[in-house]
Every structure is written in C-alpha cells, then in structure tokens.
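Input: a single structure, listed below in structure tokens.
All values derive from a computational prediction rather than experimental measurement. One is the number of the first residue; the rest follow in order along the sequence.
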Amino acid sequence: MEFFCGLDVGMDETAICVVDAAGKATLETVVVTDPDAIRTALAPYLGRLRRLGHEAGSLSAWLHPELLKLGLPAVCLETLHVRAALKAQRNKTDRADALGIAHIMRTGWFRKAHIKSEACYRLRLLLTHRRNLKRKFLDLENAIRHSLKVFGIRLSRVGRGGFAQAVREAVAHDALVSELIDAMLNARAALWKEYCRLHDLVVKLVAGHELCRRFMQIPGVGPIAALSFMTAIDDPSRFRRSRDVAAYFGLTSRRWQSGSSIDVKGRISKAGDGDVRRALYEAASALLTRYRKKDKVKSWGLALAKRSSHRKAVVAVARKLAVIMHAMWTTGTFYCGDPDTSAAEMRAETTAKQRKLLGAYA
C-alpha cells in the first residue's frame, strides 16, 4: 500500500501526517524542524512513501533540498493553492494543516513551487536588502519632512543632495529640535551610504553577467530590472512558452466565468513577484516616455496608449518586455528595436554599451 505525507513546517517544530491510499491517517506526530528528525519519524514508510508535501515558506529553500538528499520524495507546494484548499477546514491548527496537505498529496491536486538555486537566492538576497535600505531611507526622510511641518517649515523644492543642509539651517534657532533632527539626519546619511554600497554591488554584478547585459540592450531596462528578472526566472526551461512568463508575474488579466452569461475580464492579477512586476512597469514607462530613438515596441505602446490609456499601455509594454526577455534568454538572441538597423550596427552598439558599463564599474 502506498502512503502520502504532509508537513506543516514551523520555525521550531513540524507537524507530520501520513495517510494511506484510502485516506486513513496512519501517523500524526510533531518533531523538531530538522531534515534528519523528519526522516527518522518517517522511517517505517520510506519504502512505500509516494509523495511528501510541504508548503512553500521561508525555510523551503533550505529544507527542500535537504529532504531530497535524504531520499524523501519531497514536493514543494504553492502557498496560495494550499491556502485555498485548506479553507474548507473548520479549525486551523498545525495538526489539521498537516492532515490537509497529506490529503492534497494523495489526490494529486496541487501545484509545484519552483525551488531556486543557491546562487540565485544569494542574488535575490542582495536585491531584497537593497530595496529594504531604500525604503527605510525614504521613510526616515519623509518622517523628517513631516515633523518640520509643525513649525511651518516646508521642504517641497529641496533636492536630495541639499536636504540635510536645508534642514539644519531651518532648525538652527531651536537647540532641542536641532539636536534631535541632527540624529535623524545622521541615521539618514548612514542608510544612504549603505544603500549606495549595495546598489553599486548590483551594478558591478550585472556588468559582469553576459545575460543581464543583453537584457539591458532593451531601452528602459536597467541593472535592477535585468537582475530581478533573471533571478526570478532562474531556469527558463520551466516555462513552455515565453508568453507564460507574463502570467507568472501577474501581468495578465483576471477572468471570472460562470455559465454562458458571465464572462468578465478584470485588471491584471498581480500574482507572483511584485518587485519584478514593478521593475518591468518602470522599464516600460521609461521606454514610452524617455527613449527618443525609433523602437518598434515603443511605437506599438504609443499606438495602444492613443486607443486606450497611457497606464494600460505601460502594463501592456511591461507584459511584452517579459515575453521578449524570456525569448532572448532561451534563444540566445539580441534585442533590435529598430528594424532598419543592420546587424553590424547592432553588434557595434552592443559592444560599446557593454564596454561602457564594464568600464564605469571596473
């Protein structure tokens, strides 16, 4: 008889449930969140254990490869799909979740989540901490601006470079406020310094990566968009068609159909990696509004903006950029936005941009 296992993974403890082919629970226990402890608990079922499922989470990148190394048939499940399947439970407990995941594995009604490579997670960690420092910096700067409004001081026309000096001059007459604002400005300066450090590291990594440099040949696509897209995909072969990437990042419309009378297409789903979606949106906006040369994707987007709206056109161009970048990755081709450009001119322009990028951050 075959058996199916569900794990509800916690930071300290993991609930384990094993069911047979008929759905009867044969094991319910709790062990320490450790691959060896989980394998020890499942030792009586190893020869007949068909699938072992666990929900994608913060520990999945470490736990899933370790379970596979121990010979367990581990499957990482998409969080949203598991959450929707477990909503039918009356009570939400670790034990009930493990039982529900075990039944999901038994029925086969699940979606696999892709576990990225260790190198990919390292790059994503760099992007994540760069984003966190930038958000904290902006939060601190906005807090300083807001606190000065109590005294009627408005800094709406002060740039980032002259912000600290303008604030110090504005509160110089008040000893207490000057002291506390100085502490806030010092913290702001420290955040900006470390943010620039991580940003420069991102640019250096992109400058030395051939695929990211090819992505940056697309107008509007910068180092952050290129590296974010590459690390989010990790393995391009897991998408059968390039246009599936747009749905993966939530850039396709939602659809609600019921019978023959209801068929509604809404706004984009916003599923998947939000950072990549925002990076693609910013790249599309830059292509439509800042790029001055001839480009067929830009022309297509501007024509769509005339028929519909600028915002919808930017989303559509972002969706097209995702498809183009995946196709470039799988085929090894380069981007040529102007059909009148010759192959020699395109190669010369590509080489010049790559040398410029490498030279600036060598």
Side-chain angles (χ1 to χ4, degrees), residues 2-20 25-87 89 92-129 131-132 228 230-235 237-239 248 271-276:
E2 293 182 333
F3 292 92
F4 305 86
C5 177
L7 303 180
D8 185 69
V9 181
M11 294 299 296
D12 300 318
E13 294 182 334
T14 295
I16 302 177
C17 181
V18 178
V19 299
D20 57 21
T26 60
L27 173 67
E28 289 184 309
T29 185
V30 177
V31 299
V32 178
T33 302
D34 181 77
D36 293 323
I38 294 173
R39 188 185 188 281
T40 301
L42 296 175
Y45 304 93
L46 290 181
R48 296 170 293 172
L49 189 63
R50 184 176 178 184
R51 285 191 293 265
L52 179 148
H54 64 96
E55 189 177 356
S58 57
L59 296 177
S60 299
W62 159 74
L63 182 62
H64 185 79
E66 294 298 324
L67 293 175
L68 293 178
K69 289 179 183 178
L70 295 175
L72 296 174
V75 179
C76 187
L77 310 176
E78 284 193 3
T79 304
L80 294 177
H81 194 263
V82 173
R83 187 179 303 169
L86 296 181
K87 278 185 178 180
Q89 296 179 156
K92 188 186 185 309
T93 62
D94 294 344
R95 178 181 176 183
D97 287 348
L99 176 61
I101 294 174
H103 283 303
I104 291 174
M105 302 310 295
R106 180 177 64 89
T107 59
W109 190 57
F110 60 85
R111 295 177 182 173
K112 291 184 179 181
H114 176 69
I115 300 297
K116 299 178 175 64
S117 62
E118 183 178 349
C120 182
Y121 274 111
R122 292 177 183 274
L123 294 177
R124 288 180 64 81
L125 187 63
L126 171 61
L127 291 170
T128 299
H129 287 325
R131 177 200 64 198
N132 290 336
S228 298
M230 186 194 73
T231 55
I233 297 296
D234 186 36
D235 180 13
S237 63
R238 63 193 182 101
F239 295 95
Y248 179 73
D273 195 324
D275 289 334
V276 180

- line: Which of Ile16, Thr40, Leu42, Asp36 passes side-chain contact (heavy atoms from CB on, under 4.5 Å) with Val31? Answer is Ile16
Closest non-hydrogen atom pair, [X] against [Y]:
| X | Y | value |
| --- | --- | --- |
| Val276 | Ser228 | CG2-O, 3.5 Å |
| Asp234 | Cys120 | OD1-CB, 3.6 Å |
| Cys17 | Ala102 | O-CB, 3.7 Å |
| Ala74 | Leu67 | CB-CB, 3.9 Å |
| Ile104 | Phe110 | CG2-CB, 3.6 Å |
| His81 | Trp109 | CE1-O, 3.3 Å |

field: Contacts of His103 that satisfy ring-ring contact (aromatic ring centres under 6.0 Å, His included) - sequence neighbours left out
entry: none
From [X] atom [atom1] to [Y] atom [atom2], the distance as rounded to the nearest 0.5 Å:
| X | Y | atom1 | atom2 | value |
| --- | --- | --- | --- | --- |
| Glu2 | Arg51 | CD | CZ | 8.0 Å |
| Thr231 | Arg122 | OG1 | CZ | 14.5 Å |
| Lys116 | Leu123 | NZ | CG | 12.0 Å |
| Glu55 | Leu80 | CD | CG | 9.0 Å |
| Ile233 | Phe239 | CD1 | CZ | 4.0 Å |
| Ser117 | Arg124 | OG | CZ | 10.5 Å |

field: Pairs involving residues 29-51, ordered by first then second residue, that meet ring pair (Phe, Tyr, Trp, His ring centres under 6.0 Å) (sequence neighbours left out)
entry: Phe3-Tyr45
Without placing hydrogens or testing angles, list every side-chain donor-acceptor pair under 3.5 Å for residues 92-101, not counting sequence neighbours.
{"unit_1": "Lys92", "atom_1": "NZ", "unit_2": "Asp97", "atom_2": "OD2", "d": "2.8"}
{"unit_1": "Thr93", "atom_1": "OG1", "unit_2": "Ala96", "atom_2": "N", "d": "3.1"}
{"unit_1": "Arg95", "atom_1": "NE", "unit_2": "Glu28", "atom_2": "OE1", "d": "3.2"}
{"unit_1": "Arg95", "atom_1": "NE", "unit_2": "Glu28", "atom_2": "OE2", "d": "3.4"}
{"unit_1": "Arg95", "atom_1": "NH2", "unit_2": "Glu28", "atom_2": "OE1", "d": "2.8"}
{"unit_1": "Asp97", "atom_1": "OD1", "unit_2": "Gln89", "atom_2": "NE2", "d": "3.3"}

- request: Could you tell me which residues satisfy side chain to side chain donor-acceptor pair (under 3.5 Å) with Arg131, sequence neighbours excluded, listed by chain and number?
  value: Asp275
message: Please enumerate all residues that pass side chain to side chain donor-acceptor pair (under 3.5 Å) together with Ser237, with sequence neighbours excluded.
response: Asp235
Keeping [X] on the side-chain end and [Y] on the backbone end, is there a donor-acceptor pair under 3.5 Å?
| X | Y | answer |
| --- | --- | --- |
| Arg106 | Val19 | no |
| Thr14 | Val32 | no |
| Thr79 | Ala56 | yes |

message: Is it the case that over 12 heavy atoms from other parts of the model lie below 6.0 angstrom from the CZ atom of Arg238?
response: yes
- prompt: Should Leu46 and Leu72 be marked as a side-chain contact (heavy atoms from CB on, under 4.5 Å) after you check the CA-CA gap, both sets of side-chain angles, and the distance that decides it?
  reply: CA-CA 7 Å; Leu46 290 181; Leu72 296 174; 3.3 Å; yes
query: Should Leu52 and Met105 count as side-chain neighbours, where that means a heavy-atom distance under 4.5 Å?
result: no
side-chain contact (heavy atoms from CB on, under 4.5 Å) assessment of Thr33 paired with Met11: CA-CA 7 Å; Thr33 302; Met11 294 299 296; over 6 Å; no
message: Considering only residues two or more places apart or on different chains, which pairs with a residue in residues 62-78 satisfy side chain to side chain donor-acceptor pair (under 3.5 Å)?
response: His54-His64
